[in-house]
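Worksheet: one structure, shown below.
Indexing begins at 1, ligand by ligand and atom by atom, following the structure's order. Note that the coordinates shown come from a computational prediction; the quantities given were computed from them, not determined experimentally.
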Amino acid sequence: MLNIVVCVSGGGTNLQAIIDGVKNGAIRNTKIVGVISNNAGAYALNRAKENEIPGFCISPKNYENRAAFNEAFLDKLAELNPDLIVLAGFLVILPEQMIATYRDRIINIHPSLIPSFCGTGYYGLKVHEEALKRGVKVTGATVHYVDEGTDTGRIIAQKAVEVLDGDTPEVLQRRVMEQAEWIILPKAIDEIAMREE
Ligand code: GRF
């Protein structure tokens, strides 16, 4: 069984895709043992609660300094003891210690075809605004391993999505989620889980 922790900051639609995938069998041999958010108001925590998955809010705002937050975050991960950590819209700089401890066991979903539109400052709508500004005809999403860099780890999967005339950043973001993110992230987890079999 692949025990996974999903780290979130926002709406949790990728978390929902994972929850649904585990329920409907698209993601085999996998158990979500916890959801961690840095944002108490993240709807992703509601999704965890609705599906009886332990949810935790660990926010840098609640700690006197970064080191204290890092320690609390690492302690919670140690307690949950995941085989795999999935970053699904997690907008927190990871402690270096975490990358070392969970080397090649942290994956991230990024809403572009890396190496385009990625790196520091490229998250959320900004990614799609830049794609539209550049005038690309194809964008998409990437699942990759997380290393010490930003969006620099080994690529696991990618899926292309067409950019249409008149697209706004919001419309494009939704299409990339529906046609790429919610497909390749569950699939990547299933493949990792079946390797663990
Ligand atoms: C997604 O667009 C994902 O690609 C990016 O952050 C967003 C998270 O959305 N990393 P959600 O919280 O999964 O709905």
Side-chain angles (χ1 to χ4, degrees), residues 4-23 26-27 30 32 34-51 53 55-59 84-94 98-99 106-133 136 138-147 149-164 167-190:
I4 69 173
V5 166
V6 184
C7 295
V8 297
S9 296
T13 63
N14 277 283
L15 168 65
Q16 191 64 57
I18 298 167
I19 291 169
D20 295 346
V22 171
K23 276 186 178 171
I27 302 178
T30 297
I32 308 170
V35 171
I36 300 176
S37 176
N38 62 308
N39 168 14
Y43 190 74
L45 288 173
N46 298 52
R47 297 179 192 271
K49 191 172 181 181
E50 285 159 14
N51 290 277
I53 299 166
F56 308 91
C57 178
I58 302 180
S59 170
L84 181 72
I85 298 168
V86 180
L87 308 182
F90 192 53
L91 299 176
V92 168
I93 306 293
L94 300 186
M98 179 177 164
I99 312 273
I106 308 173
I107 65 174
N108 181 53
I109 177 83
H110 182 76
S112 76
L113 295 174
I114 289 174
S116 297
F117 311 115
C118 66
T120 305
Y122 281 92
Y123 59 88
L125 273 182
K126 163 94 173 167
V127 175
H128 305 291
E129 287 165 0
E130 292 303 309
L132 290 169
K133 200 183 295 179
V136 295
V138 174
T139 186
T142 301
V143 179
H144 63 92
Y145 283 105
V146 173
D147 62 13
T150 303
D151 302 328
T152 53
R154 181 160 60 87
I155 289 172
I156 299 169
Q158 294 188 303
K159 191 169 189 301
V161 173
E162 201 179 4
V163 180
L164 301 177
D167 272 348
T168 64
E170 291 78 5
V171 166
L172 183 55
Q173 179 179 54
R174 185 76 190 183
R175 186 178 311 121
V176 170
M177 283 177 164
E178 287 174 348
Q179 296 183 11
E181 296 180 35
W182 300 344
I183 294 167
I184 62 174
L185 184 56
K187 190 168 184 297
I189 296 168
D190 177 64

- Just wondering, are more than 12 heavy atoms of other shown residues or ligands nearer than 6.0 Å to OH in Y145?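 More than 12 heavy atoms, drawn from other residues, nucleotides or ligands, come within 6.0 Å of this atom.
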
- Item | K159, NZ atom: more than 12 neighbouring heavy atoms under 6.0 Å |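 Result for NZ/K159: enclosed.
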
At what distance is the nearest protein heavy atom to [atom], and which residue and atom is it?
atom: atom 14 (O) of ligand 1; answer: T13 OG1, 2.6 Å
atom: atom 12 (O) of ligand 1; answer: G12 N, 2.8 Å
atom: atom 8 (C) of ligand 1; answer: G89 CA, 3.7 Å
atom: atom 4 (O) of ligand 1; answer: E181 OE1, 2.9 Å

- Message: Pairs of nitrogen or oxygen atoms closer than 3.5 Å, one from N14 and one from ligand 1: do any exist?
- Response: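 Yes, there is a polar N/O contact under 3.5 Å.
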
- What are the two closest non-hydrogen atoms of V176 and A141, and how far apart are they?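 Minimum heavy-atom contact is CG1-CB, 4.1 Å.
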
- Give a yes/no on ligand 1: does G124 have at least one heavy atom closer than 4.0 angstrom to it?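 No; G124 lies far enough from ligand 1 that no heavy-atom distance drops under 4.0 Å.
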
- Does the side chain of S59 come under 3.5 Å of the side chain of N38 through a donor N or O and an acceptor N or O?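 N38 and S59 do not have a side-chain donor-acceptor pair below 3.5 Å.
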
- Numbered atoms of ligand 1 (with element) below 4.0 Å of M177, judged on heavy atoms: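 That gives atoms 1 (C), 2 (O), 9 (O), 14 (O) of ligand 1.
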
- Message: So if I count the atoms of ligand 1 from 1 in the order they appear, which ones are less than 4.0 Å from some heavy atom of I109?
- Response: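 Answer, ordered by atom number: 4 (O), 10 (N).
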
- Salt bridge between D167 and R175, side-chain N to carboxylate O under 4.0 Å?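 R175 and D167: salt-bridged.
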
- Task: Using a strict cut-off of less than 4.0 Å between a Lys/Arg side-chain nitrogen and an Asp/Glu carboxylate oxygen, indicate whether R47 and E50 qualify as a salt bridge.
- Result: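 Between E50 and R47 there is no salt bridge, as every charged N stays at least 4.0 Å from the carboxylate O atoms.
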
